[in-house]
Engineer: 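First the structure, then my questions, so here it is.
Because the structure is a prediction, the values reported are computed rather than measured.
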Amino acid sequence: MKIKLSALVLAVPIALTTLTGCSMNDHESDKVPSAGTSTSRDASDVMEKVSSGIYDLIGVKGKTSDSRPGVMDCSGKDKKTYFRIFHPWSFYPASASDLDEAMKRLKTELPKHGWEIVEYGPDTSKNKNLNLTADNDKKKASVNIVHMEKNDPPKLSLTVVSGCYKVPDGQEVERF
């Protein structure tokens with residue numbers, strides 16, 4: 001468990017660096033879009049639904065990790081009233097041979113469901129893992145998917161990140 005948790009702790013900042021929010025294609029990668037007004041809990045529920053929608057697009061049998069969303073800061077904004085949600089999770093296909101099919105389906109299906117693929121190709125790791133990053137302007141969310149075929153067991157590592165939310169007037173960001 002400690003190994004998996006520390007791998008997650010290392011992977012989340014890397015994925016979050018990659019995911020700058022929606023509109024990455026507008027050449028303002030440091031500009032995160034507004035996702036509106038929400039409590040942290042409600043925004044967390046929204047990001048879980050976004051993750052669930054992505055899971056539905058995978059289209060091959062398998063299981064997912066049991067992970068919950070977390071809260072992070074909106075760069076350059078008041079930490080008491082602005083926040084983003086990140087939801088890291090993994091997909092483990094029932095058969096290792098289905099890993100490629102899962103990634104191919106996501107590359108094909110995400111654009112059909114409002115996602116724009118903004119990056120696709122091998123990363124700079126020793127394993128040259130295949131990376132897919134996509135933005136959904138309507139959902140004010142981004143997803144980074146890493147195809148980790150040399151992992152034991154093989155998996156897709158996914159991180160969904162929201163745009164920047166503002167809490168309702170008179171409330172503060174709840175951190176979890």
Engineer: Working to the nearest 0.5 Å, report the span between OG of S90 and CG of D66.
Structural biologist: 11.5 Å
Engineer: Are D169 and T37 close enough that some pair of their side-chain heavy atoms sits under 4.5 Å apart?
Structural biologist: no
Engineer: Would V146 end up clustered with F91 when hydrophobic side chains under 4.5 Å apart are linked, directly or stepwise?
Structural biologist: no
Engineer: Near D56 CG, under 6.0 Å, is it more than 12 heavy atoms from other residues, nucleotides or ligands?
Structural biologist: yes
Engineer: Measuring from atom CD of E119 to atom CG of D135, what distance do you get when rounded to the nearest 0.5 angstrom?
Structural biologist: 10.5 Å
Engineer: Testing the 3.5 Å rule here: is there a donor-acceptor pair between the side chains of N127 and S125?
Structural biologist: no
Engineer: Could you tell me the separation between the OG atom of S142 and the CD atom of E116, rounded to the nearest 0.5 Å?
Structural biologist: 10.0 Å
Engineer: May I ask you to say whether D73 pairs ionically with R175, meaning some side-chain N is under 4.0 Å from a carboxylate O?
Structural biologist: yes
Engineer: Which pair of heavy atoms, one from M148 and one from N129, lies closest together, and at what distance?
Structural biologist: CA-OD1, 3.9 Å
Engineer: Kindly indicate whether the side chain of I145, heavy atoms from C-beta on, has any atom under 4.5 Å from the side chain of L110.
Structural biologist: yes
Engineer: Given L99 and H147, is the side-chain contact (heavy atoms from CB on, under 4.5 Å) satisfied, shown in steps?
Structural biologist: CA-CA 8 Å; L99 189 67; H147 177 274; 3.6 Å; yes
Engineer: With a 4.0 Å cut-off, would you call E109 and K112 a salt bridge?
Structural biologist: yes
Engineer: Between K107 and I117, which heavy-atom pair has the shortest distance, and what is it?
Structural biologist: O-CD1, 3.4 Å
Engineer: Do F176 and Y82 sit in one hydrophobic cluster, given that two such residues count as connected whenever their side-chain heavy atoms are within less than 4.5 Å of each other, even indirectly?
Structural biologist: no
Engineer: For K128, is the NZ atom crowded, meaning more than 12 foreign heavy atoms sit under 6.0 Å from it?
Structural biologist: yes
Engineer: Which heavy atom of Y92 sits nearest a heavy atom of P154, and at what distance?
Structural biologist: CD2-O, 3.8 Å
Engineer: Tell me the closest heavy-atom pair linking W89 and S51, and the distance in Å.
Structural biologist: NE1-OG, 3.0 Å
Engineer: State which residue, out of T39, D42, V46, fulfils the side chain to side chain contact (heavy atoms under 4.5 Å, CB included) condition with Y165.
Structural biologist: V46
Engineer: Please check if V160 and L57 belong to a single hydrophobic cluster, counting links between Ile, Leu, Val, Met, Phe, Trp and Tyr side chain heavy atoms closer than 4.5 Å.
Structural biologist: yes
Engineer: Could you grab the distance from atom CD of E172 to atom CD of E174, nearest 0.5 Å is fine?
Structural biologist: 11.5 Å
Engineer: L156 and M103: side-chain contact (heavy atoms from CB on, under 4.5 Å), yes or no, with the steps?
Structural biologist: CA-CA 8 Å; L156 295 180; M103 190 68 157; 4.0 Å; yes
Engineer: Enter the distance from N144:CG to L132:CG here, rounded to the nearest 0.5 Å.
Structural biologist: 8.0 Å
Engineer: Between K140, R84, H87, K139, which is the residue that forms a side chain to side chain contact (heavy atoms under 4.5 Å, CB included) with S162?
Structural biologist: R84
Engineer: Looking at every heavy atom in both Q171 and T81, which two are closest together, and how far apart are they?
Structural biologist: O-CG2, 4.3 Å
Engineer: What pair of heavy atoms forms the shortest contact from P122 to L130, and how long is it?
Structural biologist: N-CD1, 4.0 Å
Engineer: May I have the step-by-step check of side-chain contact (heavy atoms from CB on, under 4.5 Å) for V143 and L106, ending in yes or no?
Structural biologist: CA-CA 11 Å; V143 63; L106 285 169; over 6 Å; no
Engineer: For the atom pair OG (S34) and NZ (K166), what is the distance rounded to the nearest 0.5 Å?
Structural biologist: 10.0 Å
